[in-house]
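Report on one structure; see the data block that follows.
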Amino acid sequence: PATCMSSRLKYVSLGVLVFQTTSLVLTMRYSRTLQGDGPRYLASSAVVSAELLKIAACVLLVFKEHSYSARALNRVLSDEILNKPLDTLKLAIPSGIYTLQNNLLYVALSNLDAATYQVTYQLKILTTALFSVAMLGRRLNVYQWLSLLILMAGVALVQWPSEAPGVEQQKELSAGSQLVGVGAVLVACCSSGFAGVYFEKILKETKQSVWIRNIQLGLFGAVFGLMGMWVYDGERVREAGMFQGYNGVTWTVVSLQALGGLVIAAVIKYADNILKGFATSLSIILSTLISYFWLQDFDPTSVFFLGAILVIAATFLYGYEGKPAANPSRA
């Protein structure tokens with residue numbers, strides 16, 4: 001029954017990951033292109049709200065872990081966060097990078113359709129792999145190197161300019177914003193790769209719970225996010241407040257973004273890389289279909305499909321475990 005339970009948890013966490021990834025991308029895209037009355041919500045404030053929500057969720061999870069004892073919660077938080085300032089400060093680096101990355105994702109989805117964004121963002125597999133090799137001394141097998149080449153080819157095809165009739169005027173309009181969107185995704189991929197590997201390194205070096213680590217990340221994230229909001233949107237916040245332009249869709253985006261980190265933490269615990277590959281692939285397919293049928297901001301070409309298939313194949317190939325070698329990777 002234990003194995004049955006863990007395999008059930010595996011697939012539940014997989015399902016939740018597919019749902020979270022797809023719905024976050026689509027609602028974020030929808031919220032950034034929605035023509036509503038009044039001002040549009042500030043992306044920088046949505047990033048801060050998501051961090052605060054994530055902290056609250058993690059505190060609740062730690063509270064539950066300590067069988068709902070307020071005294072135990074208080075002790076753990078002060079011991080782990082306040083009394084170990086150096087450990088906590090280590091997380092300022094990945095946290096600052098994650099905050100930058102979250103802001104970039106809003107820039108990307110204001111300028112790219114959901115499907116193109118989803119496929120291009122898979123380049124983070126490449127950056128994560130390269131940072132793992134450099135920082136953790138991990139060794140990649142032949143399949144993994146091959147998958148990284150296929151991944152690059154797939155993303156290049158997805159970005160290939162389409163030559164469909166009647167797209168000329170639209171293309172001139174969107175060429176600049178396409179470039180901004182792709183640039184934002186590429187920087188987000190690099191920052192995601194570095195911060196992810198750095199965070200993994202910290203998790204492996206210390207014995208703290210993932211939730212405590214997420215609270216530390218969230219605290220710095222909220223501080224950096226508030227600084228970013230003040231610098232970029234200070235004027236507008238003073239005029240109309242931090243929550244201007246918020247509506248149901250905005251809060252959905254914020255909640256999904258806050259839950260994202262927690263879902264990934266659960267998936268790392270219960271599922272393996274291949275399952276994460278499945279989740280990514282399903283999410284790309286769903287995003288493409290919904291972008292086409294529901295948001296109607298995306299016209300797939302045969303080149304896009306070829307690129308998307310290559311990216312999906314590369315994702316699986318990267319997670320594929322060949323016959324175990326005599327000397328396993330030094331992870």
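What you see is a predicted model, and the numbers here were worked out from it, not measured in a lab. When a residue number appears, it is its place in the shown sequence, counting from 1.
- A 4.5 Å side-chain heavy-atom check between V223 and L219 finds every atom pair outside the cut-off.
- Grouping the Ile, Leu, Val, Met, Phe, Trp and Tyr side chains by contacts below 4.5 angstrom, directly or via other members, places I125 with L140.
- Between N111 and the choices D113, L109, V107, the side chain to side chain contact (heavy atoms under 4.5 Å, CB included) rule is met once, by V107.
- Considering CG of N83 and CZ of R75, their distance stands at 12.0 Å, rounded to 0.5 Å.
- At a threshold of 4.5 Å between non-hydrogen side-chain atoms, the residues L126 and C189 do not count as touching.
- With sequence neighbours excluded, the residues forming a side chain to side chain contact (heavy atoms under 4.5 Å, CB included) with T88 are I81, Q216, F220, listed by chain and number.
- Side-chain contact between S49 and M242 is present, with at least one heavy-atom pair separated by less than 4.5 Å.
- Across all their heavy atoms, L24 and V253 have their closest contact at CD1-O, 3.7 Å.
- Between K124 atom NZ and Q122 atom CD the span is 5.0 Å, to the nearest 0.5 Å.
- Closest approach of L53 to S255, counting heavy atoms only: CD2-CA, 3.7 Å.
- Residues T22 and S283 bring a donor and an acceptor atom of their side chains to less than 3.5 Å of each other.
- With hydrogens and angles ignored, the 3.5 Å screen pairs a side-chain donor or acceptor of S147 with a backbone N or O of Q144.
- A continuous path of Ile, Leu, Val, Met, Phe, Trp and Tyr side chains, each step under 4.5 Å between heavy atoms, connects L136 with F194, placing both in one hydrophobic cluster.
- In plain terms, the two heavy atoms of T120 and V158 that are nearest each other are OG1-CG1, 4.4 Å.
- Atom-to-atom distance recorded for T288:OG1 and F293:CZ is 11.0 Å, nearest 0.5 angstrom.
- Not counting sequence neighbours, the partners of I150 by the side chain to side chain contact (heavy atoms under 4.5 Å, CB included) test are L146, L310, A314, L317.
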**Request:** Begin with the C-alpha distance, continue with both residues' side-chain angles, and end with the deciding distance and a verdict on salt bridge (charged side-chain N to carboxylate O under 4.0 Å, His left out) for K54 and E51.
**Result:** CA-CA 5 Å; K54 186 172 84 176; E51 291 296 342; 3.6 Å; yes
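- For the pair R29 (side chain) and L112 (backbone), a donor-acceptor distance under 3.5 Å is present.
- Other members of the cluster containing L100 are L104, V187, with ILVMFWY side chains joined at under 4.5 Å, either directly or via other members.
- Shown here are the salt bridge (Lys or Arg N to Asp or Glu O under 4.0 Å) partners of K64, two or more places apart in sequence or in another chain: there are none.
- The shortest heavy-atom contact between L123 and L151 is CA-CD2, 4.0 Å.
- The cationic group of R138 does not satisfy the cation-pi geometry with F131, failing either the under 6.0 Å distance to the six-membered ring centre or the 45° limit from the ring axis.
- Residue-environment remark: CZ (F63) exceeds the threshold of 12 foreign heavy atoms within 6.0 Å.
- Judged purely by atom type and a 3.5 angstrom limit, Q244 uses its side chain to pair as donor or acceptor with the backbone of G241.
- S44 and D233 are linked by a side-chain donor-acceptor pair at a separation below 3.5 angstrom, with hydrogens and angles left out of the test.
- The shortest distance between side-chain heavy atoms of V119 and F304 falls below 4.5 Å.
- Applying the under-4.5 Å side-chain rule to Ile, Leu, Val, Met, Phe, Trp and Tyr, the cluster around L286 extends to V18, L282.
- Among residues at least two apart or in separate chains, side-chain hydrogen bond (donor to acceptor under 3.5 Å, both in side chains) pairs with a member in residues 92-101 are Q101-Y121.
- Interatomic distance, CD1 of I285 versus CD1 of I290, reported as 12.0 Å (0.5 Å rounding).
- In terms of hydrophobic clustering, with Ile, Leu, Val, Met, Phe, Trp and Tyr side chains grouped at heavy-atom distances under 4.5 Å, V76 and V59 are assigned to a common cluster.
- Y41 places no side-chain N or O within 3.5 Å of a backbone atom of W251 that could act as its donor or acceptor partner.
- Looking at D79 and K84, their side chains never come closer than 4.5 Å, going by heavy atoms from C-beta outward.
- Between M28 and Q257, the closest side-chain pair of non-hydrogen atoms falls below 4.5 Å.
- Note that CG of L26 and OH of Y117 are 10.5 Å apart. Values are rounded to the nearest 0.5 Å.
- Minimum heavy-atom separation, T128 to G193: OG1-CA, 3.5 Å.
- Applying the 6.0 Å contact sphere to CZ of R71 captures no more than 12 heavy atoms from other residues, nucleotides or ligands.
- L77 has its side chain out of reach of L82: every pair of non-hydrogen atoms, C-beta onward, lies at least 4.5 Å apart.
- Closest heavy-atom contact between R213 and D87: NH1-O, 3.8 Å.
- We find the CG-CZ distance between L157 and F305 to be 13.5 Å, quoted to the nearest 0.5 Å.
- Contact of the V47 side chain with the Y106 side chain is registered, since non-hydrogen atoms from C-beta on lie closer than 4.5 Å.
- Residues I202 and V197 share a single hydrophobic cluster, defined by chaining ILVMFWY side chains whose heavy atoms lie under 4.5 Å apart.
- Residues I309 and L289 are members of separate hydrophobic clusters, defined by side-chain heavy-atom contacts under 4.5 angstrom among Ile, Leu, Val, Met, Phe, Trp and Tyr.
- Atom OH of Y198 sits in a crowded spot, with more than 12 heavy atoms from other residues, nucleotides or ligands closer than 6.0 Å.
- Remark: side-chain polar atoms of S287 are not paired, donor with acceptor, to backbone N or O of A114 under 3.5 angstrom.
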